[in-house]
Amino acid sequence: MPYVKAQMEDIIPSDYLAQHFESDNITSLNKLMTACDVSDVKPGFCSWRYAYTIDRIIEKLAITEDEMKHLDCLVSKSIKKERRKQTDKVYQAKKRRNAGSVRREHYEGEALSTTKPWEKLGICRRTWERRQKKSQRASVDSDVKSSESNLLANVG
């Protein structure tokens, strides 16, 4: 208690300190005295301190969103969430590439709906698809015939 009064002498009038300070601040002083009962605390210091939240520190220091973008600590929850989201996005993309997936731009660029080869031939899409199917069957049939003739030639 004497330590507290000694610190307050420069700030608070001495007659108030002598007559009213203790009764007006009894709760705070009791808290201070019980906190100082801990044996490993130096005399005159409290073992507990008020712990400001990150949001309160940001508010007190008037840190703006732009400033927070350049900081590693003292960052609001929304900035942390954005950073985590960006990091996860990069991680997930890398994971997909390692699994063998192809970028959307790549497969869309080579897609038939993008290249539209039937328009170059001046026919409708369905006609083009029928012709493609027919030519695939013909190439499979010719492959089968050539492999059969190779087998017969090897046997004979």
[X] to [Y] - nearest heavy-atom pair and separation:
X      : Y      : value
His70  : Arg83  : N-NH2, 4.3 Å
Val75  : Ile54  : O-CG2, 3.6 Å
Met68  : Leu74  : CG-O, 3.6 Å
Thr114 : Glu108 : OG1-O, 2.7 Å

Enter the distance from [X]:[atom1] to [Y]:[atom2] here, rounded to the nearest 0.5 Å.
X      : Y      : atom1 : atom2 : result
Ser135 : Gln132 : OG    : CD    : 4.5 Å
Glu67  : Glu65  : CD    : CD    : 10.5 Å
Gln86  : Glu82  : CD    : CD    : 8.0 Å
Lys60  : Thr53  : NZ    : OG1   : 11.0 Å
Ile58  : Thr64  : CD1   : OG1   : 10.5 Å
Asp55  : Ser76  : CG    : OG    : 7.0 Å

Which donor-acceptor pairs under 3.5 Å do the side chains of residues 118-128 make with protein atoms, sequence neighbours left out?
from   : atom 1 : to     : atom 2 : distance (Å)
Arg125 : NE     : Glu129 : OE2    : 3.0
Thr127 : OG1    : Arg130 : NH2    : 3.3

Please write out which residues are connected to Val90 in a hydrophobic cluster, directly or through intermediates, given that two of Ile, Leu, Val, Met, Phe, Trp, Tyr count as joined at side-chain heavy-atom separations below 4.5 angstrom.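 When side chains under 4.5 Å apart are linked, Val90 ends up in no cluster with other residues.
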Which pairs of donor and acceptor atoms, one on a side chain in residues 93-100, lie under 3.5 Å apart (sequence neighbours left out)?
from  : atom 1 : to     : atom 2 : distance (Å)
Arg97 : NH1    : Ser101 : OG     : 3.1
Asn98 : ND2    : Lys94  : O      : 3.4

